[in-house]
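Every number for a ligand or one of its atoms is a count from 1 in the order of the listing.
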Amino acid sequence: MSSAAPRRSWLTVRAMDVVTSAAALSLLFGCVGLLGLLLTLRQRSRMKAHLQDAVVVITGATSGLGRECAKVFHAAGAKLVLCGRNREALEQLARELAASRASEVRTHTPSTVTFDLADPGATAAAAAEILRCFGHVDVLINNAGVSYRGAVLDTPVDVDKRVMETNYFGPVALTKALLPSMVRRQWGHVVAISSVQGKISVPFRSAYAASKHATQAFCDCLRAELDQHGVAVTVLSPGYIRTNLSLNAIAADGSRYGVMDETTARGRMPADVARDVLAAVGRRQQDVVLAGLAPSAAIYLRTLAPGLFFRLMASRARKEQKAKGS
Ligand SMILES: NC(=O)C1=CN([C@@H]2O[C@H](COP(=O)(O)OP(=O)(O)OC[C@H]3O[C@@H](n4cnc5c(N)ncnc54)[C@H](OP(=O)(O)O)[C@@H]3O)[C@@H](O)[C@H]2O)C=CC1
Ligand SMILES: CCCCCCCCCCCCCCCC(=O)OCC(=O)COP(=O)(O)O
């Protein structure tokens with residue numbers, strides 16, 4: 001007599017195995033997808049919570065990237081302290097932002113603090129004034145900066161110092177003046193608007209590239225030291241942006257360069273870069289390059305094949321020198 005239990009063929013058993021495995025895999029992928037979605041949603045809501053009502057200080061808010069950062073952080077609900085040298089331009093921007101109704105979130109009337117980052121005597125008083133605006137600082141965005149155009153051979157060291165004062169020593173002094181209050185609260189965020197030229201140096205930008213490399217190095221040390229105090233550090237390294245940077249650049253003889261370079265004119269719109277800055281700050285990212293393929297590849301080339309990178313830069317220097325001569 002044969003058994004009552006139905007006998008399954010080998011093929012049926014394999015097919016059932018495959019179906020079971022596929023179902024398990026789908027469930028697994030589904031769970032991973034759902035987890036990813038939940039994490040993204042949590043990150044977004046944290047990002048919003050992080051910036052809503054956060055006190056955000058922006059240096060160099062009078063023009064270019066700083067001005068656009070002011071707009072996007074204001075629209076995200078941040079309490080802004082706008083810094084710069086031109087009081088009237090800062091107050092005008094604060095009035096414009098206060099009057100704008102382009103946000104769904106609760107917004108705040110910005111405060112302004114006027115000071116020159118290149119004046120070492122001004123920083124302590126400026127930091128105290130910044131702290132008085134809203135009582136503390138959550139995010140310091142060191143954005144103000146000046147570029148430089150010239151050959152090392154033609155440039156007196158005074159010019160190097162001026163660039164370093166604005167791009168490096170000023171922001172370092174301001175950061176140090178605001179850090180104790182962040183450490184006391186075990187919360188804060190220092191952001192540096194560096195440049196692709198903080199990672200690679202291109203000819204005829206010695207003072208500028210040096211100031212941005214110094215910024216990167218300072219921030220990398222700062223990040224390591226302040227992690228234990230709840231203070232985050234973000235270095236953003238943009239490529240060319242369509243601003244007044246080249247117009248305002250310091251020439252080798254110390255004068256204003258005063259030319260809108262083609263590279264600058266063809267750069268990204270500052271409003272787009274500002275949105276990337278907002279996202280990186282919201283996520284408390286550590287190091288972000290905001291540049292296209294060629295500059296990003298050049299950064300890797302500098303590390304992986306330095307000899308080749310240096311040859312390319314030397315040839316670029318010869319070409320530029322020749323073009324200037326003709
Ligand atoms: N444009 C570009 O291609 C790129 C720019 N960056 C960086 O972006 C940042 C912003 O520059 P960007 O918007 O392009 O250029 P802008 O020249 O348009 O803006 C520079 C800002 O810095 C301020 N500033 C300059 N010197 C001082 C100082 N001594 N004290 C206080 N504030 C000062 C200016 O204020 P004031 O009105 O008083 O002059 C201005 O608000 C800079 O750090 C720059 O290096 C990085 C990569 C590419
Ligand atoms: C494996 C292939 C590698 C290809 C490498 C090609 C090398 C290309 C060189 C690219 C140099 C990019 C320089 C970018 C500079 C830049 O974006 O700077 C941003 C600024 O801060 C602009 O300031 P500036 O005052 O110089 O206008």
Which ligand 2 atoms are under 4.0 Å away from a heavy-atom of [X]?
{"X": "Leu245", "value": "23 (O), 25 (O)"}
{"X": "Ser195", "value": "18 (O), 19 (C), 20 (C), 21 (O)"}
{"X": "Val202", "value": "13 (C)"}
{"X": "Ser147", "value": "24 (P), 25 (O)"}

Among all protein heavy atoms, pick the one closest to [atom] and tell me residue, atom and distance.
{"atom": "atom 29 (N) of ligand 1", "answer": "Asp116 OD1, 2.8 Å"}
{"atom": "atom 47 (C) of ligand 1", "answer": "Pro238 O, 3.4 Å"}
{"atom": "atom 11 (C) of ligand 2", "answer": "Arg316 NH1, 3.7 Å"}
{"atom": "atom 38 (O) of ligand 1", "answer": "Arg85 NE, 2.9 Å"}
{"atom": "atom 18 (O) of ligand 1", "answer": "Ser63 OG, 2.8 Å"}

Look at [atom] and find which of [options] reaches it with the closest heavy atom.
{"atom": "atom 3 (O) of ligand 1", "options": "Asn244, Leu236, Ile241", "value": "Ile241"}
{"atom": "atom 27 (O) of ligand 2", "options": "Arg205, Lys212, Arg149, Gln197", "value": "Arg149"}
{"atom": "atom 22 (C) of ligand 2", "options": "Tyr257, Tyr300, Phe309, Tyr240", "value": "Tyr240"}
{"atom": "atom 12 (P) of ligand 1", "options": "Thr243, Val146, Thr166", "value": "Thr243"}

Evaluate the side-chain contact (heavy atoms from CB on, under 4.5 Å) criterion for residues Leu174 and Asn142: first the C-alpha distance (whole Å), next the side-chain angles of each, then the deciding distance (0.1 Å), finally the verdict.
CA-CA 9 Å; Leu174 182 62; Asn142 283 312; 4.0 Å; yes

What atoms of ligand 1 come within less than 4.0 Å of a heavy atom belonging to [X]?
{"X": "Gly145", "result": "20 (C), 22 (O), 25 (C), 42 (C), 43 (O)"}
{"X": "Gly60", "result": "21 (C), 22 (O), 23 (C), 41 (O)"}
{"X": "Tyr208", "result": "6 (N), 44 (C), 45 (O), 46 (C)"}
{"X": "Ala144", "result": "22 (O), 23 (C), 24 (N), 32 (N), 33 (C), 43 (O)"}
{"X": "Leu65", "result": "13 (O)"}
{"X": "Ile193", "result": "7 (C), 8 (O), 9 (C), 43 (O)"}
{"X": "Leu245", "result": "1 (N), 2 (C), 4 (C), 5 (C), 11 (O), 14 (O), 15 (O), 17 (O), 44 (C)"}
{"X": "Thr62", "result": "34 (C), 35 (O), 36 (P), 37 (O), 40 (C), 41 (O)"}

Ile241 and Glu68, any side-chain heavy atoms less than 4.5 Å apart
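Not in contact.
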
Distance-only side-chain donor-acceptor flag, [X] / [Y], under 3.5 Å:
{"X": "Arg95", "Y": "Gln92", "answer": "yes"}
{"X": "Thr264", "Y": "Arg266", "answer": "no"}
{"X": "Gln286", "Y": "Asp220", "answer": "no"}

Give a yes or no on whether a salt bridge exists between Asp287 and Lys199, defined as a side-chain N under 4.0 angstrom from a carboxylate O.
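Looking at Asp287 and Lys199, the cut-off is met.
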
If you measure from the Lys or Arg side-chain nitrogens to the Asp or Glu carboxylate oxygens, is any gap between Lys161 and Glu165 under 4.0 Å?
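Looking at Glu165 together with Lys161, the answer is no, because their closest N to O distance does not fall below 4.0 Å.
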
Please say whether the positively charged group of Lys324, taken as NZ for Lys or CZ for Arg, lies over the ring of Phe204, i.e. under 6.0 angstrom from the six-membered ring centre and within 45 degrees of the axis.
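Yes.
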
Give the contacting part of Lys212 toward ligand 1: side chain, backbone, both or neither, where contact means a heavy-atom distance below 4.0 Å.
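For Lys212, only side-chain atoms sit under 4.0 Å from ligand 1.
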
Any [X] heavy atom less than 4.0 Å to ligand 1:
{"X": "Asn248", "answer": "yes"}
{"X": "Glu165", "answer": "no"}
{"X": "Gly267", "answer": "no"}
{"X": "Ser194", "answer": "yes"}
{"X": "Asn143", "answer": "yes"}
{"X": "Gly239", "answer": "yes"}

For [Y], does its backbone N or O pair with a side-chain atom of [X] as donor and acceptor, under 3.5 Å?
{"X": "Asn143", "Y": "Ile58", "result": "no"}
{"X": "Ser194", "Y": "Leu236", "result": "no"}
{"X": "Ser147", "Y": "Ala249", "result": "no"}
{"X": "Arg242", "Y": "Arg268", "result": "no"}
{"X": "Asp138", "Y": "Val55", "result": "yes"}
{"X": "Arg223", "Y": "Val233", "result": "yes"}

Tell me which one of Val56, Leu90, Val57 satisfies side chain to side chain contact (heavy atoms under 4.5 Å, CB included) with Val81.
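Exactly one option meets the side chain to side chain contact (heavy atoms under 4.5 Å, CB included) with Val81, and it is Val57.
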
At the 4.0 Å heavy-atom cut-off, does Pro238 count as touching ligand 2?
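True for this residue.
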
Heavy atoms of other groups near Met260 CE, more than 12 under 6.0 Å:
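More than 12 heavy atoms, drawn from other residues, nucleotides or ligands, come within 6.0 Å of this atom.
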
Residue pair Gly170 / Thr123: nearest heavy atoms and the distance that separates them
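Here Gly170 and Thr123 meet closest at O-CG2, 4.3 Å.
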
Work out which heavy atom in Thr263 is nearest to a heavy atom in Tyr240; give both atom names and the distance.
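Closest approach of Thr263 to Tyr240, heavy atoms only: O-CB, 3.5 Å.
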
Polar-atom distance check: [X] versus ligand 1, any N or O pair below 3.5 Å?
{"X": "Leu117", "value": "yes"}
{"X": "Gly66", "value": "no"}
{"X": "Thr264", "value": "no"}
{"X": "Gly84", "value": "no"}

Is it the side chain, the backbone, both or neither of Thr263 that has a heavy atom closer than 4.0 Å to ligand 2?
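Neither; no heavy atom under 4.0 Å.
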
To the nearest 0.5 Å, tell me how far Ser211 OG sits from Phe169 CZ.
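Result: 10.5 Å between the selected atoms.
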
